[in-house]
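Keep in mind that the numbers below use all heavy atoms, side chains included, and drop hydrogens, waters and symmetry copies. We name chains A, B, ... by the order of the sequence lines, and we start the count at 1 in each one.
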Amino acid sequence: MKTKMNFRQVLSQVLNLLLVLSSAFMGYKTLSLMTDCESPVVVVLSESMEPSFRRGDLLFLDNRKPALEKQLEGSDPSLWQKIWYGSSLGIGDIVVYSLPHRPIPIVHRVVKLYESENETKFITKGDNNRIDDVGLFPRTMTYLDREKHVIGVVRGYFPYLGMITIWLTDYPTLKYVLLGALGLLTLFQKEESS
Amino acid sequence: MSKYNIQEFKSNFDTAFIEFFNKKGYKQSYFVDNIRFLFGFGCVIPAAIAFGLEHFHDFSKLKEHLLCLLLVYFTFSGLLTWWISFVKRNRIYMGTSPDQKLSIDAETTLPLKHNPHLDLTLRIKRGKQPTTIAHKLSIPVADIFDQEGQISQDAFSKHISSLCRSCIDKE
């Protein structure tokens, strides 16, 4: 009987740990679904967008594209319409995009935009850079495509909150120590009742 | 056990209570815990599937199934929350007597940190009768635990035995 109880207690502790991990993961994926964005929260890693964004700032992205009918309805949608349907890309918007040969996405501002019925093409530039990003593109590319390259459009930010992620990336030992400590804390926390 | 740790007092009492009845030959029921495990793993499995789809394929593959997985996850999460809040509550023991004539259901709470009384609620159901009779007992922590914070087995057995005589044996 005692062995059976201990197995249940261990299973209960393991379940508690898995529930904590799964709730964090599914919460993040809910945000992904709502914003139609693979990574709805990203961290600024460079100083190319200063003074707008600094290294360590946390950015909140939205990749929804409002339907064409919504875009044609009125030239100036209300804030609520932008929140509910998403908003189309415009000059001055800050986007996060990825290039085929670069593993880390780039956060820069749209400076030129070419829109047609079927596609949206644009060029970006960092606020702290002197020239636009065309030099970063592969030789076959002269513009970015809204559908192919954009991860999301920046719709909000929180200063310096992403420094934790930068420290965990720069010092991997810290990541394993933190994860191990959290895991041990959950596993060894006593149940209130068996 | 650390001294003056109210949660550990309750946890040790719960464990001793369960062992007391199991030693008396009562058969413990794990129905409430089993359902909790079912709902809990019902939450974990869709999360694991979502993680696997993203890890072994890519986000576009996950996106096709994400809405379904999230609906299943939140349904089980809601059921789990309801089960823990309204069904399991502070229940520590459900069991049936050796002669199958009595079933008991015990809950313990420590309502106030500065009022170290352990409240025990014992519900007894005789045979297949629809009604249960609830007995409430408030046990001062100082009566059961010694100065080192360990359960005094004599004091514990005395309290629970008198409870059994007054409540269970009379039924």
Side-chain angles (χ1 to χ4, degrees), chain A residues 1-42 61-65 96-98 100 103 105 147-152 183 185-194, chain B residues 1-2 5-8 10-15 17-19 22-23 27-28 30 32-34 36-51 53-54 58-60 62-63 65-67 69-74 76-77 80 84 88-93 106-110:
Chain A
M1 187 63 70
K2 211 170 185 179
T3 311
K4 205 173 176 181
M5 275 177 64
N6 287 338
F7 169 73
R8 282 181 174 276
Q9 283 176 335
V10 167
L11 190 63
S12 190
Q13 301 282 15
V14 168
L15 180 62
N16 286 345
L17 179 64
L18 291 174
L19 282 171
V20 167
L21 295 173
S22 61
S23 63
F25 179 75
M26 291 306 253
Y28 189 73
K29 287 301 146 192
T30 305
L31 199 58
S32 281
L33 185 71
M34 285 163 59
T35 57
D36 193 22
C37 190
E38 184 178 353
S39 301
V41 183
V42 296
L61 309 183
D62 182 5
N63 199 29
R64 289 171 300 160
K65 297 171 274 291
V96 178
Y97 67 90
S98 61
E147 292 293 327
K148 287 183 201 164
H149 302 115
V150 173
I151 294 172
L185 190 70
T186 313
L187 281 171
F188 287 113
Q189 206 170 14
K190 274 210 167 188
E191 287 280 348
E192 282 189 24
S193 57
S194 60
Chain B
M1 190 181 75
S2 44
N5 185 326
I6 296 290
Q7 277 309 118
E8 282 206 50
K10 183 180 173 314
S11 179
N12 281 6
F13 178 90
D14 295 347
T15 307
F17 184 92
I18 293 164
E19 282 176 7
N22 286 339
K23 276 182 188 165
K27 189 182 172 190
Q28 188 175 1
Y30 296 103
V32 171
D33 282 337
N34 289 344
R36 180 178 158 253
F37 287 138
L38 179 71
F39 289 155
F41 283 108
C43 293
V44 168
I45 289 168
I49 294 172
F51 180 79
L53 276 173
E54 193 173 21
D58 57 14
F59 182 68
S60 55
L62 170 63
K63 223 164 89 168
H65 308 284
L66 188 57
L67 183 62
L69 290 171
L70 284 172
L71 284 172
V72 171
Y73 172 81
F74 282 112
F76 275 106
S77 183
L80 180 66
I84 290 171
K88 188 177 187 297
R89 292 178 300 182
N90 299 306
R91 205 174 250 126
I92 60 159
Y93 185 78
E107 274 186 37
T108 57
T109 51
L110 266 174

F17(B) vs Y93(B) aromatic rings, parallel, tilted or perpendicular, using cut-offs 30° and 60°?
perpendicular
Residue L21(A) versus chain B: region with a heavy atom under 4.5 Å
neither
Under 4.5 Å, counting heavy-atom pairs only, tell me which of L80(B), D58(B), N34(B) racks up the most with chain A.
N34(B)
Per-residue tally against chain A (heavy atom, under 4.5 Å) across L69(B), L70(B), L62(B) peaks at L70(B)
Sequence-distant partners of S98(A), side chain to side chain contact (heavy atoms under 4.5 Å, CB included), two or more places apart:
I151(A)
Part of F74(B) within contact of chain A (heavy atom distance under 4.5 Å):
side chain
Contact origin within F37(B) toward chain A - heavy atom pairs under 4.5 Å
both
For the pair R36(B) and S12(A), evaluate side-chain hydrogen bond (donor to acceptor under 3.5 Å, both in side chains) and give the outcome as yes or no after the intermediate values.
CA-CA 9 Å; R36(B) 180 178 158 253; S12(A) 190; 3.1 Å; yes
Checking the side chain of S22(A) only, and the main-chain atoms of L18(A) only, is there a donor and an acceptor separated by less than 3.5 Å?
yes
Do you know the tightest heavy-atom contact between K29(A) and E38(A)?
NZ-O, 4.3 Å
